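Here's the structure, in structure tokens; my notes come after.
On a predicted model such as this, the values are computed, not experimentally measured, just so you know. Along the sequence shown, residues are numbered consecutively beginning with 1.
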Amino acid sequence: MSPEQFNGAVLAWYDQHGRKDLPWQQGITPYRVWVSEIMLQQTQVSTVLGYFDRFMEALPSVQALAAAAEDEVLHLWTGLGYYTRARNLHKAAKLVVEQHGGEFPRSVEQLAELPGIGRSTAGAIASLSMGLRAPILDGNVKRVLARYQAQQGYPGEPKVAAQLWQLAEQLTPHERVNHYTQAMMDLGATLCTRSKPSCLLCPVREDCRAHLLGRETDFPEPKPRKALPQKRTLMPLLANAEGAILLYRRPSSGLWGGLWSLPELDDLDALGELARQHALHLDEPRALAGLTHTFSHFQLAIEPWLVRVEQAGSAVAEGDWLWYNLATPPRLGLAAPVKKLLKRAAQELNAGEAS
């Protein structure tokens, strides 16, 4: 099958079966496409739908995003995970406004210079919103192409990735690039799925090597697996008389960068120092059910403890610390497990008042 036959078959399939009613496909702009592409990295479409609408309602333009406080951006991102994406989104918006007059650059190379935008995301923005001929190689397209040519090796390896990029470049048409790009993503998301591909419905199955070999699910080859290391931390939920919980803002770089979190301790003995730091009198700590949070490179076992406290005098948290009011919570970016623990603390505190 020639490149023209390939992309012709893909476009014919798209005309009949492609997705055309997703929120970011309406009123297409580089900004809307960019935000959707960043949200869709390592996240399912079904999850992104609600987040995208809320984000666009709060921050409808790149100028609005650039002017927003980081806490507001992280608040809108809370629950989507991989928070570096949100911080890079914010940084890139500022650069687009400051260095490009609020207009996205019309080249893959310049787009890829912005924080958080790699070659594939730049290609998606350029092709979907600007009609420029630019190949993409996101997870879905990678799977389609790896199966199409029965690509040996893990696609994360530079040599294998280079071969797939070369194929993506060869197959990308010169016309209707926006529809072709969307079609390739749709093929991977709806037919050429990870575990049970619907090969009989695929427009390029007759020339797909993995299908001809009957080895569809052998490609793309998986990353060599390593056991995830385990880490443990103790998180105290210090609740004052008003039922507010003490939080601190994590450093902007590193794990949960810029998000508000619970203090992390090695053991309960360290509670005394925390109490002295904030002039608190502690009641007896009460253990809550543990929580395990899995990151891409390790698992974190969290031991939460609910501790009622009294503030000595008029001491208040300052700077990177605040009392988080559970009844009327401020709009802050919270790590997903911290959000769960705050909800659990609210239930415990309410149950205590009821009894």
Side-chain angles (χ1 to χ4, degrees), residues 51 54 58 68-81 83 86-87 231-293 295 300-355:
Y51 280 94
R54 285 192 295 276
E70 185 180 83
D71 273 336
E72 174 68 3
V73 178
L74 292 172
H75 171 76
L76 292 166
W77 205 270
T78 294
L80 267 178
Y83 291 94
R87 291 193 298 277
K231 296 184 182 180
R232 168 193 165 276
T233 190
L234 187 148
M235 286 189 177
L237 293 107
L238 302 174
N240 68 13
E242 287 77 41
I245 305 291
L246 187 64
L247 300 182
Y248 83 105
R249 189 204 294 269
R250 295 182 65 91
S252 58
S253 60
L255 198 65
W256 292 332
L259 297 181
W260 290 84
S261 183
L262 294 161
E264 292 186 39
L265 308 176
D266 291 332
D267 52 48
L268 280 177
D269 292 341
L271 265 177
E273 178 56 36
L274 193 61
R276 281 189 292 277
Q277 183 182 346
H278 297 282
L280 304 173
H281 296 305
L282 307 183
D283 282 354
E284 198 63 29
R286 186 152 58 88
L288 301 180
L291 192 65
T292 300
H293 188 72
F295 295 92
L300 182 65
I302 300 170
E303 294 179 19
W305 291 78
L306 183 61
V307 189
R308 290 181 181 270
V309 302
E310 290 179 22
Q311 290 168 254
S314 58
V316 293
E318 293 179 358
D320 289 333
W321 294 83
L322 62 75
W323 289 101
Y324 183 89
N325 190 315
L326 293 171
T328 55
R331 291 172 71 83
L332 301 176
L334 299 169
V338 171
K339 194 175 181 181
K340 283 183 189 173
L341 291 174
L342 289 172
K343 188 175 180 182
R344 198 178 289 174
Q347 291 168 344
E348 290 282 334
L349 291 169
N350 290 337
E353 288 172 8
S355 59

*Quick one: do R87 and V73 satisfy side chain to side chain contact (heavy atoms under 4.5 Å, CB included)? Show the steps, please.*
CA-CA 8 Å; R87 291 193 298 277; V73 178; over 6 Å; no
Identify every side-chain donor-acceptor pair in residues 326-343 under 3.5 Å, counting partners at least two apart or on other chains, and give the distances.
residue, atom, partner, partner atom, Å
R331, NE, E72, OE1, 3.0
R331, NH2, E72, OE2, 3.0

Taking side chain as C-beta onward, heavy atoms only, is [X] less than 4.5 Å from [Y]?
| X | Y | result |
| --- | --- | --- |
| L265 | W305 | no |
| D71 | W260 | yes |
| D283 | V309 | no |
| L306 | L349 | yes |
| W323 | L246 | yes |

Reported [atom1]-to-[atom2] distance for the pair [X] and [Y], which is rounded to 0.5 angstrom:
| X | Y | atom1 | atom2 | value |
| --- | --- | --- | --- | --- |
| R232 | T292 | CZ | OG1 | 12.0 Å |
| L282 | E310 | CG | CD | 10.0 Å |
| Y248 | L262 | OH | CG | 9.0 Å |
| H75 | E70 | NE2 | CD | 14.5 Å |

Verify, without hydrogens or angle tests, whether [X] (side chain) and [Y] (backbone) share a donor-acceptor contact under 3.5 angstrom.
| X | Y | result |
| --- | --- | --- |
| R54 | W77 | no |
| R344 | L288 | no |
| Y83 | L255 | no |

Under 3.5 Å, which donor-acceptor pairs do the side chains of residues 236-244 form with other protein atoms, sequence neighbours left out?
residue, atom, partner, partner atom, Å
N240, OD1, E242, N, 3.0
N240, OD1, G243, N, 3.1
N240, OD1, A244, N, 3.0
N240, ND2, Q311, OE1, 3.3

*Distance-minimising heavy-atom pair for P304 and G290*: CD-CA, 3.8 Å
_For Y51 against L76, the heavy-atom pair lying closest together_ = CD2-O, 3.5 Å
_Applying salt bridge (charged side-chain N to carboxylate O under 4.0 Å, His left out), can you list everything that pairs with R250, at least two apart in sequence or on another chain?_
E264
_Looking at D267, I want to see if its CG is surrounded by more than 12 non-hydrogen atoms of other residues, nucleotides or ligands under 6.0 Å._
yes
